[in-house]
Colleague: 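Sharing a structure, written as structure tokens. Questions coming.
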Amino acid sequence: MAPSICASLLLSLMLAILLICPASARLTLKADEGVLHDICSPHRDPPFCLKALKSDPRTITIDLVGLTNISIHLADVAANKTFAFIGSLVNKTSDPKLKPQYEFCHQFYESLVGDIESAKDAWKGGDYFTVVVAADSCLTSTGDCRDVITTNASPLLRENKEVSYYCEIFLLVSKRLSGLS
Ligand SMILES: *[C@@H]1O[C@H](CO)[C@@H](O)[C@H](O)[C@H]1NC(C)=O
Ligand SMILES: *[C@@H]1O[C@H](CO)[C@@H](O)[C@H](O)[C@H]1NC(C)=O
Ligand SMILES: *[C@@H]1O[C@H](CO)[C@@H](O)[C@H](O)[C@H]1NC(C)=O
């Protein structure tokens with residue numbers, strides 16, 4: 001089977017599970033310490049994940065719906081900051097090899113920022129499946145940006161990695177909310 005068919009089958013399956021199990025789609029566990037550890041354990045940097053979620057004082061008192069909003073907000077702040085940073089890199093870089101790489105990253109971030117905006121709307125509408133899809137694109141765009149940067153010394157690599165960590169938190173929290181993990 002072609003990979004894209006597998007991917008769409010997988011998405012359909014996840015959607016079917018959501019439709020069949022409305023209860024699990026509306027989990028409202030309190031985001032207590034145990035839940036936070038569970039959510040963060042598959043993260044590439046679990047302490048980073050825990051620290052980020054706990055940086056918001058609302059985290060310990062809200063449910064998974066609210067925690068997803070927080071994870072969207074964390075990704076939003078980091079993504080906007082890095083998007084602006086890439087804009088300034090594009091403007092001040094004259095290196096003919098680096099400039100196009102930054103321009104590619106700028107495009108990837110334009111779509112990443114758009115994904116986060118669509119996640120906000122979907123979250124408001126209670127469409128948590130679309131939120132998961134947006135979180136997945138968020139993570140993918142940071143990977144795309146990393147892949148086009150060939151200079152290990154670029155300051156963008158560190159910033160982009162941080163955004164990818166926030167996108168991963170956003171994905172883990174929203175999957176948990178949707179009952180997908
Ligand atoms: C979602 O998070 C944003 C950013 O922190 C906040 O301004 C907003 O009030 C939150 N929405 C709800 C309904 O809690
Ligand atoms: C991030 O940028 C988007 C698009 O420009 C904007 O709508 C959103 O309010 C910004 N978010 C934050 C937290 O500044
Ligand atoms: C980069 O330059 C363009 C065109 O001059 C300008 O519109 C944009 O605001 C600049 N971006 C940054 C981040 O300085």
Side-chain angles (χ1 to χ4, degrees), residues 25-32 35-36 39-40 43 48-146 148-149 151 154-178:
R26 279 160 196 56
L27 275 181
T28 51
L29 292 174
K30 287 286 175 222
D32 65 24
V35 173
L36 291 180
I39 290 171
C40 287
H43 195 277
F48 179 97
C49 174
L50 279 171
K51 191 164 171 242
L53 288 175
K54 286 187 192 165
S55 70
D56 194 308
R58 291 171 298 175
T59 290
I60 43 167
T61 59
I62 49 170
D63 59 16
L64 277 171
V65 174
L67 193 64
T68 301
N69 186 36
I70 288 174
S71 75
I72 294 173
H73 181 66
L74 290 170
D76 190 26
V77 171
N80 281 9
K81 183 171 142 263
T82 301
F83 186 41
F85 179 59
I86 299 171
S88 72
L89 285 176
V90 169
N91 285 4
K92 71 180 184 209
T93 305
S94 49
D95 184 321
K97 194 171 138 217
L98 262 181
K99 199 179 182 75
Q101 298 179 4
Y102 290 151
E103 282 165 349
F104 273 122
C105 278
H106 199 258
Q107 283 174 27
F108 294 135
Y109 268 75
E110 204 170 319
S111 105
L112 191 160
V113 167
D115 285 328
I116 293 178
E117 288 308 303
S118 74
K120 287 182 195 169
D121 288 340
W123 180 84
K124 283 185 197 131
D127 176 4
Y128 303 135
F129 182 72
T130 297
V131 174
V132 174
V133 173
D136 193 51
S137 310
C138 181
L139 193 54
T140 302
S141 296
T142 59
D144 290 343
C145 173
R146 185 200 55 226
V148 295
I149 304 291
T151 312
S154 170
L156 178 55
L157 285 175
R158 223 201 72 229
E159 292 245 353
N160 180 60
K161 186 168 187 181
E162 190 168 304
V163 176
S164 80
Y165 278 1
Y166 283 113
C167 293
E168 194 178 352
I169 295 172
F170 170 24
L171 182 61
L172 291 171
V173 174
S174 58
K175 274 175 128 177
R176 175 87 184 205
L177 170 66
S178 303

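We count ligands from 1, going down the list as the structure has it; atoms in each ligand are counted the same way.
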Colleague: In the complex you have, is atom 2 (O) of ligand 3 within reach of the protein, judged by whether a heavy-atom distance drops under 4.0 Å?
Modeller: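 Yes, because at least one protein heavy atom sits under 4.0 Å from atom 2 (O) of ligand 3.
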
Colleague: Between Tyr166 and Phe48 (judged by ring centroids, cut-off 6.0 Å), do the two rings come close enough to count as a pair?
Modeller: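 Ring centroids of Tyr166 and Phe48 are less than 6.0 Å from each other.
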
Colleague: Among protein heavy atoms, which sits nearest to atom 14 (O) of ligand 3, and what does the distance come to when rounded to 0.1 Å?
Modeller: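 Residue, atom and distance for the closest contact: Asn91 ND2, 3.3 Å.
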
Colleague: Donor-acceptor pair, Thr142 side chain versus Val163 backbone, under 3.5 Å?
Modeller: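 Checking the backbone N and O of Val163 against the side chain of Thr142, no donor-acceptor pair under 3.5 Å is found.
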
Colleague: Are there more than 12 heavy atoms of other residues, nucleotides or ligands under 6.0 Å from atom CZ of Phe85?
Modeller: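 Atom CZ in Phe85 is packed in, count exceeds 12.
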
Colleague: For ligand 3, which atoms have a heavy atom of Ser88 less than 4.0 angstrom away?
Modeller: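 Those of ligand 3 that fall under 4.0 Å from Ser88 are 13 (C).
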
Colleague: Is Trp123 close to ligand 1, meaning an N/O of one under 3.5 Å from an N/O of the other?
Modeller: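 So ligand 1 has no N or O lying under 3.5 Å from an N or O of Trp123.
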
Colleague: Where the side chain of Trp123 meets the backbone of Val65, is there a donor-acceptor pair that is under 3.5 Å apart?
Modeller: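 Yes.
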
Colleague: Touching ligand 2 at all, Lys81? Heavy atoms, strictly under 4.0 Å?
Modeller: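 No, Lys81 has no heavy atom closer than 4.0 Å to ligand 2.
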
Colleague: For atom 12 (C) of ligand 2, what's the nearest protein heavy atom and its distance?
Modeller: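 Its nearest protein heavy-atom neighbour is Asn80 ND2, 3.3 Å.
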
Colleague: So if I count the atoms of ligand 1 from 1 in the order they appear, which ones are less than 4.0 Å from some heavy atom of Asn69?
Modeller: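 Within the 4.0 Å cut-off of Asn69, ligand 1 contributes 1 (C), 2 (O), 3 (C), 8 (C), 10 (C), 11 (N), 12 (C), 14 (O).
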
Colleague: Taking only heavy atoms of Ala84, which atoms of ligand 3 are found under 4.0 Å from at least one of them?
Modeller: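 Per the distance check, 13 (C).
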
Colleague: So, for atom 5 (O) of ligand 2, does the protein have a heavy atom nearer than 4.0 Å?
Modeller: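 No, there is none.
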
Colleague: Enter the distance from Thr82:OG1 to Lys161:NZ here, rounded to the nearest 0.5 Å.
Modeller: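 Here the interatomic distance stands at 14.0 Å.
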
Colleague: Do you know which two heavy atoms are closest between Cys49 and His43, and how far apart they sit?
Modeller: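 Minimum heavy-atom separation between Cys49 and His43: CB-CG, 3.8 Å.
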
Colleague: I need the nearest protein heavy-atom contact for atom 13 (C) of ligand 2: residue, atom name and distance, please.
Modeller: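 Its nearest protein heavy-atom neighbour is Asp76 OD2, 3.2 Å.
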
Colleague: Does Ser154 form a side chain to side chain donor-acceptor pair (under 3.5 Å) with Tyr102? I'd like the steps, not just the answer.
Modeller: CA-CA 10 Å; Ser154 170; Tyr102 290 151; 2.8 Å; yes

Colleague: When you measure from atom 9 (O) of ligand 1 to the protein, is at least one non-hydrogen atom found at a distance under 4.0 Å?
Modeller: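 Given the 4.0 Å cut-off, atom 9 (O) of ligand 1 does not count as touching protein heavy atoms.
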
Colleague: Could you tell me whether a side-chain N or O of Ser174 sits under 3.5 Å from a main-chain N or O of Leu171, the two making a donor and an acceptor?
Modeller: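 It does hold such a pair.
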
Colleague: Out of curiosity, is Arg58 lining ligand 1, as in a heavy atom under 4.0 Å away?
Modeller: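 Contact present.
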
Colleague: Would a distance-only check, ignoring hydrogens and angles, find a side-chain to backbone donor-acceptor pair under 3.5 Å from Ser111 to Gln107?
Modeller: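 Checked: no pair found.
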
Colleague: Between His73 and ligand 2, is there a nitrogen or oxygen pair with a distance under 3.5 Å?
Modeller: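 It does not: no N or O of His73 is found under 3.5 Å from an N or O of ligand 2.
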
